[in-house]
Amino acid sequence: MAEEYFNYINGKWSRASSGKTYENIDPANGDVLGLFPLSGPEEVDRAVEAASRSSAKWRKLPAPKRAEILFRAAEIMVQRKEELARRMTMEMGKVLKEARGDVQEGIDMVYYMAGEGRRLFGDTTPSELPNKFAMSMRVPIGVVAAITPWNFPLAIPTWKVMPALVAGNTVVFKPSPFTPESAYHVVKILEEAGLPPGVLNLIYGEGSALGVPLVEDPRVTLISFTGSVKVGNEVAQRASRLGKRYSLEMGGKNAIIVMEDADLDLAVEGIIWSAFGTSGQRCTAASRILIQRSILGRLTERVVGAAERLRLGHGLLPTTDVGPVINQAAVDKILGYLKIGVEEGAKVLTGGYKPTEGEMGKGYFIKPTVFGDVKPHMRIAQEEIFGPVTDLIAFDTLEEAVKINNDTPYGLVTSIFTRDTNKAFRAMEDITTGIVYVNAGTIGAEVHLPFGGTRGTGNGHREAGQAALDVFTEWKTVYVDYSGRLQKAQMGD
Ligand code: NAD
């Protein structure tokens, strides 16, 4: 019998009032890993109420004290890293090495944000008037709805929950229904670390059944969303109608540009890791490889060969390079794009199908796929496929590559492989994505730098680093006049 898990509302673990549950499934073999509540608006209401009631006390707790709880949580995460990673591989599918990376990114973020408890700097600046003091300080926003996807089941929740908490906000956390157990561990660890009841609440269930009432609840003042453009735009419309703050981190159509002078061994390694790591289910996955025409044949051969050598399997097996995709809907979507690609005139150079025999048939596996003869305006080169599929596109000059790179509805990551410093700097200047790598793949964000994208990838905010604090706090400006008379700014006296 699978273990049953509960919502966490006001410091108590409880079932949904409907009594209904759903199964958390291992995408590699269909095993049932746990039962989770199918909650509805009643649980949303209770969770928001708890967050709202605990807000006044939590925001008054000095930030260094809030941070002590985060430091303790980080210590617990370090001790449990291996268990967290293994359970993540089982519910999400990514190979164990990557799951460990996901947990490590979470640990890094908890420590980083705990450190913020003794910073959260504001400014002091001279006033334009004598005997007057001027400063600005960060203050919490209130109740945060943290809505997260399944592809980084531990790291992304920490990217939202930790800065929100250290800054003095309370949180209602609604994870993806496809990775509920990792969300449980994050919350359980914070509970064990001493987080007071009500400050962080966790509700499980289907996206829109919870997401809509959560976003619309007037007590929720900020929505921090990571997920697809479609849902993100819905969240944005609802939130903006109600005058709420919201930050959106959405999809990508990221490219690796390979110049003819590049170290091709390095480039091939970067391409394979970026295109097929996490089965291509990263917002930062490289789904377009732009190759200078003079090396097109050589590089194509090497990328196809390396993709063919990748071994599919359960992510816990040491022999596995690429795990399954998340669910049947993902399989259908990816197979749909494979068909579209062929209809558009692209050529499947390797992969292009779902294996059905033996163990493979039990899981949501897709063979790593490389499309050749792709033109920049094909749908497969413009739309996010979110699977182990990458497109090879030829170009002649750096200017053309940069133009192709910039010309999609998304703007998250670009990488360029070149040994020519002038070209690297020109690319850094002209590429319009939020993140640029030189001589590295499109994957590899570090938690102390801003993370996010331009155009349809987001709405201008950044997660991680100091930039995250701009999402989870607002500024209060304070003037203190100790002149003993009414000094009027800009009035000349
Ligand atoms: P999704 O949009 O389907 O779901 C994201 C979250 O929104 C889930 O928790 C879901 O339950 C919830 N949701 C669904 N309907 C809702 C509604 N009507 N109102 C409010 N919430 C609702 O995305 P997904 O499939 O979980 O994740 C994959 C997507 O996430 C990809 O597009 C990927 O690029 C993107 N992503 C972006 C980043 C980034 O930082 N830019 C990082 C990771 C993933």
Side-chain angles (χ1 to χ4, degrees), residues 22 27 36 38-39 41 44 92 94 102 105 109 145-160 172-180 182-183 202-217 220 223-239 244 246-254 278-287 325-330 332-334 383-387 408-413 433-435 442-443 445 447 449-465 467-468 471:
Y22 75 95
F36 285 82
L38 255 187
S39 316
V44 173
M92 187 274 164
K94 65 175 74 175
D102 192 320
E105 194 173 305
M109 183 54 90
I147 302 179
T148 58
W150 46 264
N151 66 333
F152 277 83
L154 193 135
I156 291 181
T158 66
W159 284 35
K160 298 186 184 305
V172 177
F173 170 27
K174 195 219 86 55
S176 167
F178 303 111
T179 48
S182 297
L202 167 67
I203 43 173
Y204 288 114
E206 279 171 359
S208 53
L210 300 183
V212 172
L214 184 57
V215 170
E216 291 190 336
D217 191 302
V220 171
I223 296 106
S224 173
F225 172 88
T226 299
S228 63
V229 167
K230 181 177 167 290
V231 176
N233 286 341
E234 274 176 51
V235 166
Q237 280 169 20
R238 287 206 169 81
K244 299 189 178 208
Y246 56 94
S247 76
L248 307 173
E249 296 294 337
M250 303 184 287
K253 193 72 196 173
N254 315 296
T278 323
S279 307
Q281 303 169 110
R282 290 189 183 219
C283 53
T284 54
S287 53
V325 298
I326 189 71
N327 53 28
Q328 186 59 45
D332 294 343
K333 180 178 171 197
I334 296 161
E383 299 173 18
E384 189 184 48
I385 299 174
F386 223 57
T408 79
Y410 298 103
L412 189 51
V413 192
T433 51
I435 303 169
T442 51
I443 289 172
V447 302
L449 285 100
F451 181 93
T454 57
R455 295 189 286 279
T457 291
N459 64 336
H461 292 288
R462 293 291 183 268
E463 295 207 297
V471 172

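Remember, it's 1-based here, ligands and their atoms both numbered in the order they're listed.
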Quick test: of every protein heavy atom, which one is nearest to [atom], and how far off is it to 0.1 Å?
{"atom": "atom 40 (O) of ligand 1", "value": "Phe451 CE2, 3.2 Å"}
{"atom": "atom 2 (O) of ligand 1", "value": "Ser228 OG, 2.6 Å"}
{"atom": "atom 36 (N) of ligand 1", "value": "Cys283 CB, 3.6 Å"}
{"atom": "atom 11 (O) of ligand 1", "value": "Lys174 NZ, 2.9 Å"}
{"atom": "atom 31 (C) of ligand 1", "value": "Glu384 OE1, 3.5 Å"}
{"atom": "atom 16 (C) of ligand 1", "value": "Val231 CG1, 3.4 Å"}
{"atom": "atom 26 (O) of ligand 1", "value": "Trp150 CD1, 3.1 Å"}
{"atom": "atom 20 (C) of ligand 1", "value": "Gly211 CA, 3.3 Å"}

#### Entry: Heavy-atom gap Phe178 to ligand 1 smaller than 4.0 Å
no
### Query
Does Phe386 reach ligand 1, in the sense of a heavy atom lying below 4.0 Å from it?
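Heavy atoms of Phe386 do come under 4.0 Å of ligand 1.
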### Message
Would you say atom 4 (O) of ligand 1 makes contact with the protein, given that contact here means a non-hydrogen protein atom less than 4.0 Å away?
### Response
no
Provide the number and element of each atom of ligand 1 under 4.0 Å from a heavy atom of [X].
{"X": "Glu234", "answer": "18 (N)"}
{"X": "Thr226", "answer": "5 (C), 36 (N), 37 (C), 38 (C), 39 (C), 40 (O), 42 (C), 43 (C), 44 (C)"}
{"X": "Pro175", "answer": "9 (O)"}

### Query
Should Asn151 be counted as touching ligand 1, given the test is an N or O pair under 3.5 Å?
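No, Asn151 has no N/O under 3.5 Å of an N/O on ligand 1.
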### Parallel, tilted or perpendicular, as decided by the 30° and 60° cut-offs, for the rings of Phe36 and Tyr204
perpendicular
### Query
Quick one: side-chain hydrogen bond (donor to acceptor under 3.5 Å, both in side chains) partners of Glu105, sequence neighbours excluded?
Trp159
### Query
Are side-chain N/O atoms of Asn233 and Gln237 paired as donor and acceptor at under 3.5 Å?
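No pair is found: no donor N or O on one side chain lies under 3.5 Å from an acceptor on the other.
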